[in-house]
S.K.: 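For reference, the structure I am asking about is given below.
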Amino acid sequence: VERSRGLGDVYKRQGLIRKKADWTDEAFRHHWRHGHGPLVAQLPTLRGYRQNLVTDRLQRGIDFARGPWDFDGFSQLGFDVAAQANAAFTDGELAARIREDERHFLGGLHIVSVAQSTVIAPPAEPHRLLKRISTLRRRTDLSEEDFRREWKVHADHVRRMPGVGGYRQNVVTAREFDKGTPCGYETLPIDGIVELWFESTDTLDAAFGSAQGQRTMAHAKSFLAEITAFVVEEWRVV
């Protein structure tokens, strides 16, 4: 089984994670990486798994309304097909152990399926760069189709910004407010998830402060109601 191809051309599933309130940041980080991660990595159909630990909740460089979300981490998993993911987390002893462990250390877990587009490929070792993940909500006067069309246009604006080391768009295609139970948009109103890489916070600030950065954010306001940004530390599990 080829397990080293990461999160390329596969079904992609992301977890939006909050730790239990009585867990410290360090205890959460240690258990997620060294306890929960190796447990999930045992899933035989898993093709890729990244953990993104939130280290900063500042908007950094953007003047934009922040949504209500406050996450401690983002998981990114890849399977060949959606059915494999559903079976992996519902069937058998390993799935039961994973659910039990989630109840042990997580205070909240939303799941989204995404269709991913890589606009600017990150370098071979992206963990050496600063990574920012942002959740997006479209304006209420726009449809899902409007959002997807304008986000494609937006990609060209970001592509022209100086200092961007990598850029991926993840369009949300399905939602589970509670893991295992599909929900509608009104329950989990997130339209997309952005992954951006920069050399440093200074590079990030300079990119958004540039003339092209200003044009990019002006376009964002034409179709987005909220951008909720998180700086993360990426860890490759599989």
Side-chain angles (χ1 to χ4, degrees), residues 6-8 12-17 48-67 69-78 112-138 147-173 190-236:
L7 296 172
K12 297 172 184 67
R13 170 188 176 101
Q14 300 194 8
L16 316 179
I17 293 169
Y49 178 24
R50 305 285 191 276
Q51 293 178 346
N52 296 273
L53 179 77
V54 171
T55 60
D56 184 324
R57 293 170 174 82
L58 300 177
Q59 291 292 73
R60 287 198 181 277
I62 61 175
D63 178 19
F64 220 98
R66 189 174 179 88
W69 313 110
D70 185 14
F71 300 120
D72 296 296
F74 297 83
S75 60
Q76 299 171 309
L77 300 98
V112 293
S113 301
V114 301
Q116 186 179 90
S117 298
T118 298
V119 180
I120 301 173
E125 297 185 350
H127 62 276
R128 298 182 181 277
L129 299 182
L130 179 145
K131 181 179 180 180
R132 184 162 86 174
I133 289 180
S134 303
T135 62
L136 308 180
R137 183 172 68 84
R138 69 180 187 265
F147 164 76
R148 294 184 180 190
R149 182 187 65 250
E150 287 303 317
W151 206 14
K152 288 182 180 179
V153 173
H154 193 70
D156 290 330
H157 286 279
V158 176
R159 192 181 281 115
R160 292 191 289 269
M161 284 173 58
V164 179
Y167 176 41
R168 288 196 186 116
Q169 295 181 339
N170 298 277
V171 174
V172 175
T173 58
I190 295 175
D191 294 275
I193 298 176
V194 178
E195 297 173 81
L196 273 168
W197 287 264
F198 297 92
E199 284 288 344
S200 65
T201 54
D202 288 343
T203 309
L204 183 158
D205 290 339
F208 284 103
S210 68
Q212 179 57 38
Q214 295 298 307
R215 285 189 288 270
T216 299
M217 294 317 298
H219 178 255
K221 291 182 178 180
S222 73
F223 73 106
L224 295 179
E226 295 171 356
I227 300 176
T228 308
F230 304 85
V231 171
V232 300
E233 177 186 283
E234 182 181 283
W235 173 256
R236 177 175 177 171

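Everything quoted here is computed from the prediction, not taken from an experiment. Excluded from the calculations below are hydrogen atoms, water molecules and symmetry mates; all remaining heavy atoms, backbone and side chain alike, are included.
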S.K.: For residues 152-162, run the donor-acceptor check on the side chains, cut-off 3.5 Å, and write out each pair with its distance to 0.1 Å, sequence neighbours left out.
M.R.:
from	atom 1	to	atom 2	distance (Å)
H154	ND1	H219	ND1	3.0
D156	OD1	R159	NH1	2.4

S.K.: Taking distance alone, no hydrogens or angles, what donor-acceptor pairs closer than 3.5 Å link side-chain atoms of residues 201-208 to residues at least two apart or in another chain?
M.R.:
from	atom 1	to	atom 2	distance (Å)
T203	OG1	S200	OG	3.1

S.K.: Got a sec, which residues hit side chain to side chain donor-acceptor pair (under 3.5 Å) with T118, two or more places apart in sequence or on another chain?
M.R.: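 Partners of T118 under the side chain to side chain donor-acceptor pair (under 3.5 Å) test: R168.
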S.K.: For Y167, enumerate each residue passing the ring-ring contact (aromatic ring centres under 6.0 Å, His included) test, keeping only those at least two apart in sequence or located in another chain.
M.R.: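 Testing Y167 for ring-ring contact (aromatic ring centres under 6.0 Å, His included), a comparison that skips the adjacent residues, returns none.
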S.K.: Hey, could you give me each pair passing salt bridge (Lys or Arg N to Asp or Glu O under 4.0 Å) that has a residue in residues 123-136? Not counting sequence neighbours.
M.R.: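 Residue pairs with at least one partner in residues 123-136: E125-R128, K131-E195, K131-E234.
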S.K.: Checking T216 now: which residues fulfil side chain to side chain donor-acceptor pair (under 3.5 Å) with it, not counting sequence neighbours?
M.R.: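 Side chain to side chain donor-acceptor pair (under 3.5 Å) list for T216, sorted by chain: Q212.
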S.K.: Can you run down the salt bridge (Lys or Arg N to Asp or Glu O under 4.0 Å) pairs that involve residues 214-230, sequence neighbours left out, and say none if there aren't any?
M.R.: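 Matches after skipping sequence neighbours: R137-E226.
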S.K.: Passes side chain to side chain contact (heavy atoms under 4.5 Å, CB included), L16 versus I193? Steps please.
M.R.: CA-CA 10 Å; L16 316 179; I193 298 176; 4.0 Å; yes
S.K.: Flag the pair I133 / F71 as yes when at least one side-chain heavy-atom distance between them is below 4.5 Å, and no otherwise.
M.R.: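 Of all side-chain heavy-atom pairs linking F71 with I133, none is under 4.5 Å.
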S.K.: Using the side chain to side chain donor-acceptor pair (under 3.5 Å) criterion, which residues pair with E233? Sequence neighbours excluded.
M.R.: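 With neighbours one apart ignored, the set is R29, R33.
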S.K.: Is it true that a side-chain atom of D56 and a backbone atom of V231 form a donor plus acceptor pair closer than 3.5 Å?
M.R.: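 Not confirmed, D56 side chain does not pair with V231 backbone.
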S.K.: Applying side chain to side chain contact (heavy atoms under 4.5 Å, CB included), can you list everything that pairs with R138, at least two apart in sequence or on another chain?
M.R.: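 With sequence neighbours excluded, R138 shows a side chain to side chain contact (heavy atoms under 4.5 Å, CB included) to E144, F147, Y185, D191, given in chain and number order.
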S.K.: Using a 3.5 Å distance criterion without hydrogens, assess whether the side chain of T173 forms a donor-acceptor pair with backbone atoms of S113.
M.R.: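 Confirmed, T173 side chain pairs with S113 backbone.
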S.K.: Under the side chain to side chain donor-acceptor pair (under 3.5 Å) rule, collect the residues that match up with T228, sequence neighbours excluded.
M.R.: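 T228: no side chain to side chain donor-acceptor pair (under 3.5 Å) contacts found.
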